[in-house]
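First up is the structure itself, then whatever we jot down about it.
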Amino acid sequence: MFLESNEEGQASKRALVLSDHPRTYARISRALAVILVLMTAGAIFFIVKSLKEDVAVSRIGPDEGPASAAGEVSYPETDFLPGRSRHYSLTAPDGVKIRYFLVRDNSGVIRAAFDACDVCWRAGLGYVQEGQFMICRNCGQRFPLSRINEVKGGCNPAPLERRIENGLVKIKTQDILSGRSYFASFS
């Protein structure tokens, strides 16, 4: 009897353990699925947030550049953080919105260019910043910030003359208006 009850006890323990296995596996599977869903949702949230921040940062700035009586727009030099582009537009007298951007590269140089190039301007998509590069939204070409306003032609952002005076970045309105042809068919 002792042997029988011992065997019965072990058999019942074995049955109990074996019967819990499917439940245990199901619980573990559900827990892992929940963790996986939460991790995926978190990753998507941070990716979307990062993309929105990039777009928001790259599109910060007034729609119209502040024009002065001297026929130029000017921006405080302190507005430009290293490695962050700021996009602007100036509306020409005929209503065409001319888009351009300014960016301070990591060496501290503030650069300016039209938000268009000689090749992809017809797409009307311009550039977006990703790290130390401006990227054409049409063809995906990447241009180092340190080369903006120095290299022209092809898909490089079309350079825009600028100067720094008394802590202000200044661009002649006439120089901005010279880029009208890049944007005339989109306004």
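Of the possible polar contacts, one joining the R104 side chain to the G108 backbone as a donor-acceptor pair under 3.5 Å is found. Of the possible polar contacts, one joining the R111 side chain to the L145 backbone as a donor-acceptor pair under 3.5 Å is found. Not one N or O on the side chain of R84 forms a donor-acceptor pair closer than 3.5 Å with the backbone of V103. Side-chain N or O atoms of Q129 include one that pairs as donor or acceptor with a backbone N or O of G83 at under 3.5 Å. Here the side chain of S89 pairs no donor or acceptor atom with the backbone of R99 at under 3.5 angstrom.
In summary, the aromatic rings of Y75 and Y88 are positioned with their centroids under 6.0 Å apart.
The hydrophobic clustering, which links ILVMFWY residues whose side-chain heavy atoms are closer than 4.5 Å, places V73 and I164 together. In the hydrophobic clustering of ILVMFWY residues, with side-chain heavy atoms under 4.5 Å counting as a link, V109 and F80 come out apart.
Taken from CD in E72 to CG in D175, the straight-line distance is 10.0 Å, to the nearest 0.5 Å. If you take SG on C136 and CD on Q141, they are separated by 7.5 Å, rounding to the nearest 0.5 Å. Between atom CZ of residue R163 and atom CG of residue L168 there is a gap of 9.5 Å, rounded to the nearest 0.5 Å. Here the CZ-CG distance, from F143 to N156, works out to 4.5 Å after rounding to the nearest 0.5 Å. One distance of note links CD1 of I98 with OG of S178; it measures 7.5 Å at 0.5 Å rounding. I110 contributes atom CD1, which lies 4.5 Å from atom CD of E77 (distance to the nearest 0.5 angstrom).
Taking all atoms of both residues into account, the shortest heavy-atom contact from I135 to G140 is CG2-O, 3.7 Å. The two atoms that bring G154 and C117 nearest to each other are O-CB, 3.7 Å, heavy atoms only. Among all heavy-atom pairs drawn from N138 and C120, the shortest one is ND2-SG, 3.2 Å. Closest of all the heavy-atom pairs between R122 and V119 is NH1-O, 4.4 Å. The two residues W121 and A116 make their nearest non-hydrogen contact at CB-CB, 4.1 Å. H87 approaches D115 most closely through the heavy-atom pair ND1-OD2, 3.5 Å.
Two residues are said to be in side-chain contact when any heavy atoms from C-beta on lie closer than 4.5 Å; D79 and V169 fail this criterion. Contact annotation: the side chain of E150 never approaches that of P159 to less than 4.5 Å [non-hydrogen atoms, C-beta and beyond]. By the 4.5 Å heavy-atom criterion applied to side chains, P157 and F101 are counted as neighbours. Residues L90 and L177 have side chains in contact (heavy-atom distance under 4.5 Å, counting atoms from C-beta outward).
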>> I'd like to know whether T91 forms a side chain to side chain contact (heavy atoms under 4.5 Å, CB included) with V96, so could you lay out the CA-CA distance, the side-chain angles of the two residues, the decisive distance to 0.1 Å, and finally the verdict.
In response: CA-CA 6 Å; T91 303; V96 173; over 6 Å; no

>> Please evaluate residues V128 and M134 with respect to the criterion side chain to side chain contact (heavy atoms under 4.5 Å, CB included), reporting the C-alpha separation (whole Å), side-chain torsions for both, the decisive distance (0.1 Å), and the verdict.
In response: CA-CA 6 Å; V128 66; M134 293 304 286; over 6 Å; no

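Under the 4.0 Å criterion applied to side-chain N and carboxylate O atoms, D118 and K152 are not assigned as salt-bridge partners.
Around the NZ atom of K172, the shell of radius 6.0 Å holds no more than 12 heavy atoms that belong to other residues, nucleotides or ligands. Within 6.0 Å of atom CD in E165, more than 12 heavy atoms from other residues, nucleotides or ligands are found, so the atom counts as buried in its surroundings. A 6.0 Å sphere centred on CG of D94 holds more than 12 heavy atoms belonging to other residues, nucleotides or ligands.
One side chain, N149 or R162, offers a donor N or O that lies under 3.5 Å from an acceptor on the other.
Taking the ring axis of F133 as reference, the NZ or CZ atom of R142 stays within 45° of it and closer than 6.0 Å to the ring centre.
F183 and F114 have tilted rings, their planes meeting at an angle from 30° to 60° on a 0 to 90° scale.
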